[in-house]
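As structure tokens, the structure follows; a few thoughts come after it.
Counting starts at 1 for both ligands and their atoms, in listed order. These numbers come from a predicted model, not from an experiment.
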Amino acid sequence: MKSHKIEIVLEVFNSISELPQDIQELMGKAQEARERAYAPYSRFKVGAALAMANGTVVTGNNQENAAFPSGLCAERVAIFSAGAQFPDQPITAMALTARSLSQELQSPTPPCGACRQAIAEYELKQKQPIAIYFMGEMGKIAKASSIKDLLPLVFDSSYLS
Ligand code: THU
């Protein structure tokens, strides 16, 4: 038996003011998008902002539904919108933030597993990494330089051929 160790690397920033200027602005756009979320059932609002290589920012937020599984997370709303509007533009960075109406989220809130899989599809498609910055409402911000650090052992198209 051999064991295989997987190391993931995250950088942690203590506050938004420690982020590079362009990412501070991107996080601001994610916060604005978060407040426009439609989350009457969970009362948990998530915002995403994607920086595209052409300078455009595409935002998304969670959209819920009375038939719960019919809703969609902020990350996928944003990344599918980017894919629909700018299919040939690489995504360089993604900023994510969450705010719960029932508790103050003080630690970085990572994307769910399904969103990680969706982000991985686009990172593999564009053949360049997407830096992912994620936070709660306040406090520290974590940065993954690539989705590979959030989703090791990804299932990708190579298994389909
Ligand atoms: N949610 C997101 O938008 N992104 C995630 O990565 C985790 C969860 C949304 C889905 C649902 O509307 C609410 O947060 C509670 O799960």
In plain terms, say whether Glu35 and Arg99 are close enough for a salt bridge, that is, a side-chain N and a carboxylate O under 4.0 Å apart.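 Judged by the 4.0 Å cut-off on N to carboxylate O distance, Glu35 and Arg99 do form a salt bridge.
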Keeping Lys125 on the side-chain end and Pro87 on the backbone end, is there a donor-acceptor pair under 3.5 Å? yes
Neighbouring residues of ligand 1, heavy-atom cut-off under 4.0 Å: Ser42, Phe44, Val46, Asn62, Glu64, Cys73, Ala74, Glu75, Pro111, Cys112
Report yes or no: do Leu105 and Phe134 belong to one cluster of Ile/Leu/Val/Met/Phe/Trp/Tyr joined by side chain heavy-atom distances under 4.5 Å?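 No, no single cluster joins them.
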More than 12 foreign heavy atoms under 6.0 Å from CD of Gln31: is that the case here? yes
Does atom NZ of Lys143 have more than 12 heavy-atom neighbours from other groups under 6.0 Å away? yes
Is there any side-chain hydrogen bond (donor to acceptor under 3.5 Å, both in side chains) pair reaching into residues 105-116, and which pairs are they, with sequence neighbours excluded?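 Residue pairs with at least one partner in residues 105-116: Glu104-Gln106.
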